[in-house]
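As structure tokens, the structure follows; a few thoughts come after it.
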Amino acid sequence: MFDVRKRWVRDRLLRGAGVAALACGWLALRWLFHVAGLRPHQDPSAFEFAAAALGFICLSAGALLATLGEHIFDRVETSERWARRPYAGSEEDRGLRGCPVQAEPSPRLKAGVTTVQPQRDRLQAPLLRESH
């Protein structure tokens, strides 16, 4: 029961922070529209660019937090294509931690090839002729 109450409070706090961020973004953009309408066509100042960036970031983060709440921390299932794989040479790659994914070394590494030689065909490409 305590965990449910803790999750409920955390969810409400995150959603409240999202609504506060939405209000902050709305105020920043409202001020920006007010300032832009006062002056005739002039270049915007750095402060106006900062207000626009603040408004965009606050509105984006606020919409995310207000709609998802605590569900932003939920784990999602990804396909095997996007799953993390251990780095070559790490402890997980060598199987010291029981990682189920075992990466096969490439044939070039097995043969001891450490450098890649450039192909001469690509380096000696024919020159384009200029049309007159």
Side-chain angles (χ1 to χ4, degrees):
M1 169 124 170
F2 180 71
D3 187 45
V4 172
R5 186 180 309 158
K6 189 176 177 182
R7 287 181 56 127
W8 185 84
V9 169
R10 193 178 331 155
D11 183 57
R12 295 299 177 242
L13 285 174
L14 285 171
R15 289 180 192 267
V19 171
L22 285 171
C24 178
W26 179 76
L27 286 174
L29 291 182
R30 183 175 175 214
W31 176 84
L32 185 63
F33 285 127
H34 174 71
V35 170
L38 289 179
R39 296 181 296 162
H41 304 286
Q42 292 180 356
D43 291 335
S45 67
F47 193 67
E48 292 170 352
F49 277 117
L54 177 73
F56 175 76
I57 291 171
C58 285
L59 287 174
S60 299
L64 175 80
L65 287 173
T67 55
L68 292 178
E70 191 190 347
H71 292 289
I72 61 171
F73 300 116
D74 288 352
R75 291 195 176 263
V76 293
E77 190 174 328
T78 58
S79 69
E80 184 65 31
R81 178 180 180 180
W82 303 109
R84 287 189 173 186
R85 292 181 181 84
Y87 294 109
S90 67
E91 291 180 3
E92 292 176 354
D93 184 35
R94 287 180 266 154
L96 297 178
R97 292 192 183 181
C99 180
V101 178
Q102 294 294 322
E104 284 289 323
S106 69
R108 294 179 67 85
L109 289 177
K110 285 181 180 178
V113 177
T114 56
T115 60
V116 177
Q117 298 295 326
Q119 295 179 357
R120 295 201 177 259
D121 313 354
R122 294 184 184 179
L123 292 178
Q124 296 174 353
L127 297 175
L128 297 176
R129 296 182 182 173
E130 294 180 12
S131 60
H132 294 284

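Taking both residues in full, the closest heavy atoms of A52 and L32 are given as CB-CD2, 3.7 Å, listed atom of the first, atom of the second, then distance. The two residues C58 and A21 come nearest to each other via the heavy atoms CB-O, 3.3 Å.
When the side chains of ILVMFWY residues are joined at heavy-atom separations under 4.5 Å, either directly or via intervening members, L64 and V19 end up in two distinct hydrophobic clusters. Placement of L29 and F47 within a single hydrophobic cluster is found when ILVMFWY residues are connected by side-chain heavy-atom separations under 4.5 Å, directly or transitively.
With a 4.5 Å cut-off on side-chain heavy atoms, K6 and R10 count as touching.
How far CG of L13 is from CD of E70: 10.5 Å, rounded to the nearest 0.5 Å. If you take CG on L27 and CG on L22, they are separated by 11.0 Å, rounding to the nearest 0.5 Å. Rounding to the nearest 0.5 angstrom, the gap separating the CG atom in L59 from the CG atom in L54 is 9.0 Å.
Using modelled atom types, one side-chain atom of R15 and one backbone atom of T67 make a donor-acceptor pair closer than 3.5 Å.
Screening D11, D3, V4 for a side chain to side chain contact (heavy atoms under 4.5 Å, CB included) involving R7 leaves a single residue, D3.
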